[in-house]
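Labels below follow one simple rule: chain letters A, B, ... track the order of the sequence lines, proteins then strands, and each chain is numbered from 1. Only this structure's heavy atoms are used, side chains among them; waters, hydrogens and symmetry mates stay out.
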There are 2 protein chains.
Amino acid sequence: MRCDSRLSGVLHVLLHMAEHDGPSTSETLARAMETNPVVIRRVMAGLREAGYVRSEKGHGGGWSIVCDLSAVTLRDIYDALDQPSLLAIGNRSAEPECLVEQAVNRALGKVFDEAEALLLERFGAVTLQMLSDDFHKSMRARRKSTHSKGVHGHDA
Amino acid sequence: MRCDSRLSGVLHVLLHMAEHDGPSTSETLARAMETNPVVIRRVMAGLREAGYVRSEKGHGGGWSIVCDLSAVTLRDIYDALDQPSLLAIGNRSAEPECLVEQAVNRALGKVFDEAEALLLERFGAVTLQMLSDDFHKSMRARRKSTHSKGVHGHDA
DNA sequence: ATCTCATGTAATGTTATTAGTTACATTCAG
DNA sequence: CTGAATGTAACTAATAACATTACATGAGAT
């Protein structure tokens with residue numbers, strides 16, 4: 001995989017949690033994400049601080065969603081993971097002395113800012129509930145044609 | 001620096017070449033870019049293949065621009081450097097079996113595609129000539145207030 | 001001709017970042 | 001008290017971007 005996929009991964013985890021009654025353990029979530037439980041705890045820490053999920057220790061513990069899915073957008077989730085940047089390219093240096101480079105930075109910077117703004121705006125327009133609805137729709141569509149065994153194809 | 005800055009760097013180099021009569025050596029360009037001559041040759045290779053610049057070996061050799069600055073856009077330059085992706089984030093996997101992840105991918109993918117399209121479109125609207133004009137404008141503005149010593153502040 | 005200056009390019013080294021793992025402390029239900 | 005869970009620091013591994021070295025090739029100067 002060439003791109004940072006924390007956002008994609010976290011959304012996947014959240015939707016799985018939403019489908020599951022009671023808390024999900026890091027262990028379980030890690031299996032669905034094909035990663036390590038510690039990685040799950042690490043990325044979920046940001047969401048907990050932001051108040052979207054909650055974690056409980058001990059017997060019967062694990063992670064639960066504690067927000068209204070229709071009130072939280074992808075933008076909120078993105079903000080809660082402190083990802084460095086949305087764009088893979090950028091200016092060579094922030095404040096160059098060279099006038100040539102300043103001209104380049106002005107032109108590129110304007111474009112980069114527009115693109116970032118677009119991404120954030122679009123993320124802000126999609127709620128977790130919409131993702132969940134879309135998932136349920138595709139689930140129903142699939143049920144019609146095949147006998148589904150579970151959410152994952154591989155955990156039959 | 002956290003982002004890939006090949007595009008920014010190459011544009012810087014091109015504008016310097018445009019200001020310079022006759023070919024510029026990789027050595028010279030590398031000094032302006034604060035990097036190694038081999039790096040210059042490497043990234044310029046793509047531009048040469050695309051026909052925007054030309055390189056000559058031997059005495060008096062080096063790099064020259066062989067295109068009309070007002071006919072080449074940042075998009076053209078971007079295409080000539082084979083940069084992998086414009087966005088720093090992406091989907092966890094391209095074609096997941098998991099229906100939950102498919103729903104996530106659909107939503108994110110749409111947004112990513114829009115953002116990429118916007119970037120490319122904006123790049124396509126800016127020519128090298130525009131960058132050069134902007135540089136000359138800022139050059140003139142600076143001349144009015146200080147005695148400029150050269151294009152770079154540091155190569156006085 | 002040959003010497004020097006330049007590019008072309010493969011191979012290698014270096015550094016930074018990210019993901020993954022281990023280890024151990026902490027907390028809580030039973 | 002025991003066992004199951006998270007919290008977190010420290011360490012390791014994998015990857016990618018960038019820089020460097022080394023050497024081959026080509027072109028002009030003498």
Side-chain angles (χ1 to χ4, degrees), chain A residues 1-10 12-13 17 20 22-49 53-66 81-93, chain B residues 1-10 12-13 17 20 22-50 52-66 81-93:
Chain A
M1 201 183 334
R2 44 176 324 87
C3 299
D4 190 321
S5 55
R6 243 179 301 177
L7 180 60
S8 161
V10 162
H12 186 184
V13 162
M17 283 166 61
H20 188 257
S24 317
T25 66
S26 309
E27 177 70 36
T28 305
L29 297 173
R31 234 176 295 128
M33 293 258 307
E34 292 169 306
T35 182
N36 193 290
V38 176
V39 175
I40 298 289
R41 292 184 199 125
R42 225 153 30 197
V43 315
M44 296 295 280
L47 299 197
R48 184 183 47 219
E49 279 162 37
V53 300
R54 182 181 152 195
S55 62
E56 287 162 300
K57 295 181 172 181
H59 267 283
W63 299 87
S64 352
I65 298 190
V66 291
L81 315 168
D82 57 312
Q83 300 222 120
S85 166
L86 288 161
L87 302 182
I89 67 177
N91 284 324
R92 235 171 49 87
S93 54
Chain B
M1 204 181 336
R2 42 179 325 90
C3 300
D4 191 320
S5 55
R6 245 180 299 178
L7 180 60
S8 160
V10 163
H12 187 185
V13 161
M17 283 167 61
H20 188 257
S24 316
T25 65
S26 309
E27 176 72 32
T28 305
L29 297 173
R31 234 175 296 129
M33 292 260 306
E34 293 169 304
T35 183
N36 194 288
V38 177
V39 175
I40 298 289
R41 292 187 198 123
R42 219 145 41 192
V43 314
M44 297 295 280
L47 300 197
R48 184 184 48 220
E49 279 162 36
Y52 303 134
V53 300
R54 183 182 152 196
S55 62
E56 287 161 301
K57 296 180 172 182
H59 269 279
W63 299 87
S64 351
I65 297 191
V66 291
L81 315 167
D82 58 310
Q83 300 223 118
S85 164
L86 289 161
L87 302 182
I89 66 178
N91 284 325
R92 235 169 50 87
S93 55

Tell me the interatomic distance from [X], atom [atom1], to [N], atom [atom2], rounded to whole angstroms.
X       : N      : atom1 : atom2 : answer
B:Ile40 : C:dT9  : CD1   : P     : 16 Å
B:Glu27 : D:dT20 : CD    : P     : 12 Å
B:Leu47 : C:dG8  : CG    : P     : 12 Å
A:Arg6  : C:dG20 : CZ    : C1'   : 14 Å
A:Arg31 : C:dG20 : CZ    : P     : 16 Å

Identify the heavy atoms of A:Ala30 and A:Pro37 that sit nearest to each other, and give their distance.
->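 Shortest heavy-atom contact: CB-N, 3.5 Å.
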Overall bend - the helix from C:dA1-D:dT30 to C:dG30-D:dC1, comparing terminal axes fitted on five pairs, nearest 10 degrees =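 Result, rounded to 10 degrees: 0°.
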Can you tell me how far CG of B:Leu7 sits from NE2 of B:His12, rounded to the nearest 0.5 angstrom?
->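 The NE2 atom of B:His12 sits 13.0 Å away from the CG atom of B:Leu7.
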Consider only side-chain N and O atoms of A:Trp63 and A:Ser26, and report whether a donor and an acceptor are under 3.5 Å apart.
-> yes
A:Ser64 and A:Arg54: side chain donor to acceptor below 3.5 Å = no
In a check of side chain to side chain contact (heavy atoms under 4.5 Å, CB included) between B:Leu87 and each of A:Ile89, A:Leu86, A:Leu87, which one passes?
-> A:Leu87
Each nucleotide of nucleotides 21-30 of chain C classed B (base within 4.0 Å of a protein heavy atom), S (only sugar-phosphate) or -, in 5' to 3' order, makes BB---BBBB-
